[in-house]
**Student:** 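Pasting a structure below so you can have a look.
If you're wondering where the values come from, they're calculated on a predicted model, not measured in any experiment. These values consider heavy atoms only, across backbone and side chains, with no hydrogens, waters or symmetry-generated copies.
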Amino acid sequence: MTTFKQVPLTCGGHTRPVVHLDFSDVTKDGYYLISACKDGKPMLRQGETGDWIGTFEGHKGAVWGVALTQNANLAASGAADFTAKLWDARYGEVVHTFDHEHIVKSVNFNSDDTLLLTASNEKLLRVFDLNKPDAGALEKITAHTSSIRHAVFLHNTRIVSVSDDLTMRVWDRTSGQEVNKIDFTTVPNSLELSRDGAVLTVAHGTNVSFYSSDTMRKMREFPVPTKCYSASLAPSRASFVCGGEDLKVYKFDYNTGTELESNKGHFGPVHCVRWSPDGELYATGSEDGTVRLWQGVPGRVKSPPTDPNRKTNRNLTISEQSKLLVRDDHVK
């Protein structure tokens with residue numbers, strides 16, 4: 001294990017615990033990071049530097065889940081006000097509000113960013129067509145016997161979800177039927193699909209497990225030193241990071257489970273971790289209300305963005321800030 005201790009880049013601005021994070025893909029302007037917080041105000045940041053771009057204002061309750069499209073033009077959020085919102089991430093405006101009957105815990109875009117998946121405390125999964133947002137749910141699946149924590153599209157034809165009922169379940173979108181079920185002895189706290197769509201990462205109890213997204217076969221499972229709330233697999237699959245109750249951020253070798261480093265920077269439990277799309281860094285969110293950025297390779301010097309159009313000004317609104325960014329024609 002390395003003895004190099006990182007000093008993370010701290011991103012403030014939230015006033016309550018940060019509970020979920022999501023990165024866009026790499027675009028011609030870099031990549032972007034969105035954070036969900038119990039203060040009800042998701043924040044958009046420049047992913048490589050953590051610079052604040054803007055705050056999405058409109059929810060009337062804690063925001064539990066967020067997502068960005070690949071090109072970062074659209075964002076989604078799910079909240080305790082019984083709604084999911086679709087946002088124009090370039091100008092901070094609400095594109096559509098999707099009403100639910102209970103707290104929305106998770107939001108996720110499909111691979112071509114034409115559909116939005118939501119999961120709620122109603123124990124339901126809903127799929128919405130973003131080209132017809134007023135049409136209501138395209139699909140509605142009664143998925144679990146307790147609240148759903150996270151759900152993601154799987155190869156566009158299926159959905160996978162984890163719940164307080166101690167299960168991970170896979171659903172066929174055409175039939176709405178369950179096609180696979182995996183039981184846990186503790187609540188699965190987090191669910192992540194790797195960027196290549198091949199691996200599902202689940203944090204549960206004091207373990208992190210990895211499943212083939214094609215067969216749902218467990219490929220690896222490693223114990224970690226704390227009750228784990230979130231885990232994320234590096235794009236290279238060389239390592240994974242996780243965090244939880246003991247306030248530390250851990251990095252492990254994906255093949256052997258060997259601990260590579262552990263760092264303490266947060267002042268509260270770590271609720272969420274995510275690798276950046278280029279594997280250069282990973283982000284963590286905590287009970288302490290901060291987002292922190294950590295180097296994928298400790299001590300590595302990476303030149304900051306030099307494009308003057310990507311400077312940020314924390315006094316600008318999101319619409320004003322967006323005008324500084326050349327973001328009209330993102331490439332995936």
Side-chain angles (χ1 to χ4, degrees), residues 19-27 29 31-36 42-45 47 53 56 58-59 63-79 83-98 100 104-120 124-141 143 148-162 170-171 173 190-201 213 232-233 235 272 274-277 283 327 329-332:
V19 291
H20 195 246
L21 298 165
D22 191 45
F23 281 100
S24 71
D25 277 1
V26 178
T27 78
D29 302 313
Y31 52 84
Y32 298 86
L33 172 66
I34 189 172
S35 53
M43 286 189 175
L44 184 68
R45 299 180 183 276
I53 295 174
F56 299 100
H59 280 295
V63 173
W64 289 98
V66 285
L68 284 171
T69 54
Q70 297 175 71
N71 60 14
N73 283 345
L74 294 174
S77 54
T83 71
K85 289 184 183 292
L86 181 68
W87 307 83
D88 184 326
R90 297 165 298 181
Y91 303 106
E93 298 169 350
V94 176
V95 176
H96 193 81
T97 297
F98 302 93
H100 292 64
V104 181
K105 285 289 186 70
S106 175
V107 290
N108 181 246
F109 293 105
N110 68 334
S111 62
D112 62 3
D113 297 327
T114 59
L115 302 173
L116 178 67
L117 167 65
T118 68
S120 71
L124 296 175
L125 299 169
R126 289 180 171 89
V127 176
F128 298 93
D129 184 343
L130 298 184
N131 292 315
K132 301 176 182 178
D134 294 315
L138 186 67
E139 301 157 25
K140 187 183 293 186
I141 300 172
I148 303 170
R149 294 210 168 201
H150 300 281
V152 296
F153 283 105
L154 199 59
H155 309 308
N156 271 357
T157 60
R158 293 184 172 184
I159 293 168
V160 60
S161 54
V162 294
V170 182
W171 308 90
R173 287 186 51 214
S190 74
L191 173 68
E192 178 195 67
L193 179 65
S194 61
R195 289 200 167 264
D196 62 6
V199 182
L200 287 161
T201 302
S213 64
S232 181
L233 180 61
C272 46
R274 277 294 182 272
W275 276 96
S276 65
R327 303 183 56 218
D329 299 304
H330 284 285
V331 293
K332 295 183 178 180

**Student:** Looking at residues at least two apart in the chain, or sitting in another chain, which of them share a salt bridge (charged side-chain N to carboxylate O under 4.0 Å, His left out) with Arg173?
**Tutor:** Glu139

**Student:** Side-chain contact test, heavy atoms from C-beta onward, threshold under 4.5 Å: evaluate it for Pro133 versus Phe98 and give yes or no.
**Tutor:** yes

**Student:** CD1 of Ile141 to CG of Leu125: how many Å apart, nearest 0.5 Å?
**Tutor:** 5.5 Å

**Student:** Keeping Thr27 on the side-chain end and Asp29 on the backbone end, is there a donor-acceptor pair under 3.5 Å?
**Tutor:** yes

**Student:** When rounded to the nearest 0.5 angstrom, what distance separates CG in Leu44 from CG in Leu33?
**Tutor:** 8.0 Å

**Student:** Under the criterion side-chain contact (heavy atoms from CB on, under 4.5 Å), I'd like the reasoning laid out for His20 against Arg274: C-alpha separation, chi angles, the key distance, then a yes or no.
**Tutor:** CA-CA 9 Å; His20 195 246; Arg274 277 294 182 272; 3.8 Å; yes

**Student:** What closest approach, in Å, do Val107 and Leu116 show between heavy atoms, and which atom pair accounts for it?
**Tutor:** CB-CD1, 4.2 Å

**Student:** Checking the side chain of Asn108 only, and the main-chain atoms of Leu117 only, is there a donor and an acceptor separated by less than 3.5 Å?
**Tutor:** no

**Student:** Once you round to the nearest 0.5 Å, how far does CG of Leu233 lie from OG of Ser194?
**Tutor:** 6.5 Å

**Student:** Test side-chain contact (heavy atoms from CB on, under 4.5 Å) on Trp171 and Ser161; report intermediate values, then the result.
**Tutor:** CA-CA 8 Å; Trp171 308 90; Ser161 54; 3.2 Å; yes

**Student:** Take Leu68 and Tyr31 through the test side-chain contact (heavy atoms from CB on, under 4.5 Å) and record every step on the way to the result.
**Tutor:** CA-CA 10 Å; Leu68 284 171; Tyr31 52 84; over 6 Å; no

**Student:** Write down the atom of Leu130, the atom of Asp113, and the distance for their closest heavy-atom approach.
**Tutor:** CD1-O, 3.8 Å

**Student:** Measure the CD-OH distance between Gln70 and Tyr32 for me, rounded to the nearest 0.5 Å.
**Tutor:** 15.0 Å

**Student:** Which pair of non-hydrogen atoms, one from Ile148 and one from Lys105, has the smallest distance, and what is that distance?
**Tutor:** O-CB, 3.4 Å

**Student:** Give the minimum heavy-atom separation between Val63 and Val66, together with the two atoms involved.
**Tutor:** CG1-CG1, 4.0 Å

**Student:** With Trp87, which residues qualify under side chain to side chain donor-acceptor pair (under 3.5 Å), at least two apart?
**Tutor:** Ser77

**Student:** How long is the straight-line distance from CG of Leu21 back to CD1 of Ile34, given to the nearest 0.5 Å?
**Tutor:** 9.5 Å

**Student:** When you measure from the side chain of Ser213 to the backbone N and O of Gly197, does any donor-acceptor pair fall under 3.5 Å?
**Tutor:** yes

**Student:** What closest approach, in Å, do Leu115 and Leu138 show between heavy atoms, and which atom pair accounts for it?
**Tutor:** CD2-CD2, 4.1 Å

**Student:** Name the one of Val160, Leu200, Thr201 that satisfies side-chain contact (heavy atoms from CB on, under 4.5 Å) with Leu193?
**Tutor:** Leu200

**Student:** Taking all heavy atoms of Phe109 and all of Ala67, pick out the closest pair and write down the distance.
**Tutor:** CE1-O, 3.6 Å

**Student:** Please identify each residue that fulfils side chain to side chain contact (heavy atoms under 4.5 Å, CB included) with Pro235, with sequence neighbours left out.
**Tutor:** Trp275

**Student:** Just by modelled atom types, is the Leu191 backbone N or O under 3.5 Å from a matching donor or acceptor in the His150 side chain?
**Tutor:** no

**Student:** To the nearest 0.5 angstrom, please state how far the SG atom of Cys272 sits from the CD atom of Glu192.
**Tutor:** 11.5 Å

**Student:** Is it true that a side-chain atom of Thr83 and a backbone atom of Thr97 form a donor plus acceptor pair closer than 3.5 Å?
**Tutor:** no

